[in-house]
*Asks:* 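First, the structure itself, so that you have it in front of you.
The residues of the chain are indexed from 1 along the displayed sequence.
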Amino acid sequence: MVQRINFSRLNKRLSLCGVGNKETAQHTNKPVLTPINTIWCGLYTLTMNQKVTLLGTPDSFDVIVIVRHQAKGLNGAKYAVLDHQSYQITDYNPDSENIADAYDLISLKRDDKIGFS
């Protein structure tokens, strides 16, 4: 999907997460994010026309990040943590070619649910 990006743009850490349960002091289960994988990413900017064409309306995402091509995909991750903020993964656009300079786009929507810590 995206090629020939300067590798130095990948300057942030993105934790791909799933949802697990944690027992509280009251012996109830509380949903928590459990890390699956941590990868380098960079913020990716698109024009408004590209956003609507590729990803739908801008209300469906808050941030778009670019990562090195993940051959195994996101391994079932539904959430991500970037800069100590949790996001829900709304879209994943992998590169169709499995070459060395391939990159994937991940669109994230801010997740403000109270149950996650």
Side-chain angles (χ1 to χ4, degrees):
M1 169 155 239
V2 181
Q3 297 176 356
R4 295 182 201 97
I5 297 291
N6 187 353
F7 195 95
S8 66
R9 287 185 63 183
L10 306 179
N11 56 3
K12 295 185 179 285
R13 295 295 278 173
L14 179 73
S15 294
L16 301 173
C17 302
V19 178
N21 288 322
K22 176 183 174 185
E23 188 172 331
T24 64
Q26 292 80 18
H27 301 290
T28 60
N29 288 329
K30 174 184 174 184
V32 293
L33 295 178
T34 57
I36 296 173
N37 192 10
T38 302
I39 55 178
W40 287 100
C41 75
L43 297 179
Y44 190 72
T45 56
L46 296 170
T47 65
M48 186 57 71
N49 188 27
Q50 289 172 326
K51 288 179 185 179
V52 172
T53 302
L54 289 175
L55 304 169
T57 61
D59 293 337
S60 63
F61 60 91
D62 291 322
V63 177
I64 302 171
V65 294
I66 188 167
V67 298
R68 292 294 294 238
H69 177 64
Q70 302 295 307
K72 295 181 181 178
L74 298 180
N75 291 332
K78 301 292 182 193
Y79 294 90
V81 176
L82 177 66
D83 294 334
H84 305 291
Q85 172 65 45
S86 64
Y87 293 91
Q88 183 177 5
I89 298 173
T90 58
D91 197 22
Y92 173 59
N93 295 311
D95 197 328
S96 60
E97 299 179 25
N98 199 10
I99 57 177
D101 62 346
Y103 294 89
D104 301 339
L105 293 177
I106 302 173
S107 59
L108 306 172
K109 181 159 182 70
R110 186 181 303 269
D111 186 36
D112 294 325
K113 294 180 183 173
I114 296 174
F116 297 122
S117 58

*Asks:* Could you check if a side-chain atom of I106 sits within less than 4.5 angstrom of a side-chain atom of C41, using non-hydrogen atoms only?
*Replies:*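 They are not in side-chain contact.
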
*Asks:* Please name the pair of heavy atoms, one in L33 and one in S86, separated by the smallest distance, quoted to 0.1 Å.
*Replies:*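 Residues L33 and S86, closest heavy atoms: CD1-CB, 3.8 Å.
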
*Asks:* Do you know which two heavy atoms are closest between D83 and K12, and how far apart they sit?
*Replies:*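 D83 and K12 have their closest heavy atoms at OD2-NZ, 3.4 Å.
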
*Asks:* How many angstroms lie between atom CD of Q85 and atom CG of D111, to the nearest 0.5 angstrom?
*Replies:* 8.0 Å

*Asks:* When rounded to the nearest 0.5 angstrom, what is the spacing between CD in Q70 and CD1 in I39?
*Replies:* 4.5 Å

*Asks:* For the residue pair A77 and L16, what are the closest heavy atoms and their distance?
*Replies:* CB-CB, 3.7 Å

*Asks:* Do I64 and Y103 sit in the same hydrophobic cluster, where Ile, Leu, Val, Met, Phe, Trp and Tyr count as joined when their side-chain heavy atoms come under 4.5 Å apart?
*Replies:*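 In one cluster: yes.
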
*Asks:* With Y44, which of V65, L105, V63 fulfils side chain to side chain contact (heavy atoms under 4.5 Å, CB included)?
*Replies:*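 The single option meeting the side chain to side chain contact (heavy atoms under 4.5 Å, CB included) with Y44 is L105.
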
*Asks:* Quick one: closest heavy-atom pair of D95 and D104, and the distance?
*Replies:*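 Nearest pair, atom of D95 first, then D104: N-OD1, 2.8 Å.
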
*Asks:* Measure the shortest side-chain to side-chain distance between L108 and Q88 over non-hydrogen atoms and say whether it is less than 4.5 angstrom.
*Replies:* no

*Asks:* Search all heavy atoms of P31 against all heavy atoms of V19 and return the closest pair with its distance.
*Replies:* CB-CG1, 4.1 Å

*Asks:* Roughly how far apart are K72 NZ and N37 CG, rounded to 0.5 Å?
*Replies:*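 The CG atom of N37 is 9.5 Å from NZ of K72, to the nearest 0.5 Å.
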
*Asks:* Is a side-chain donor or acceptor of S15 paired with a backbone partner of P35 at a separation under 3.5 angstrom?
*Replies:*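 No, the answer is negative, given that no donor and acceptor are paired below the 3.5 Å cut-off.
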
*Asks:* Write down the atom of D62, the atom of R110, and the distance for their closest heavy-atom approach.
*Replies:* OD2-N, 2.7 Å

*Asks:* Checking N11 now: which residues fulfil side chain to side chain contact (heavy atoms under 4.5 Å, CB included) with it, not counting sequence neighbours?
*Replies:* none

*Asks:* Verify the cluster assignment for Y92 and L82: are they in a single hydrophobic cluster under the rule of side-chain heavy atoms below 4.5 Å apart?
*Replies:* yes

*Asks:* Nearest 0.5 angstrom please: L14 CG to I66 CD1, how far?
*Replies:* 12.5 Å

*Asks:* If hydrophobic clusters are built by linking Ile, Leu, Val, Met, Phe, Trp and Tyr wherever their side-chain heavy atoms come under 4.5 Å apart, do Y87 and V67 end up in the same one?
*Replies:*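 Y87 and V67: one cluster.
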
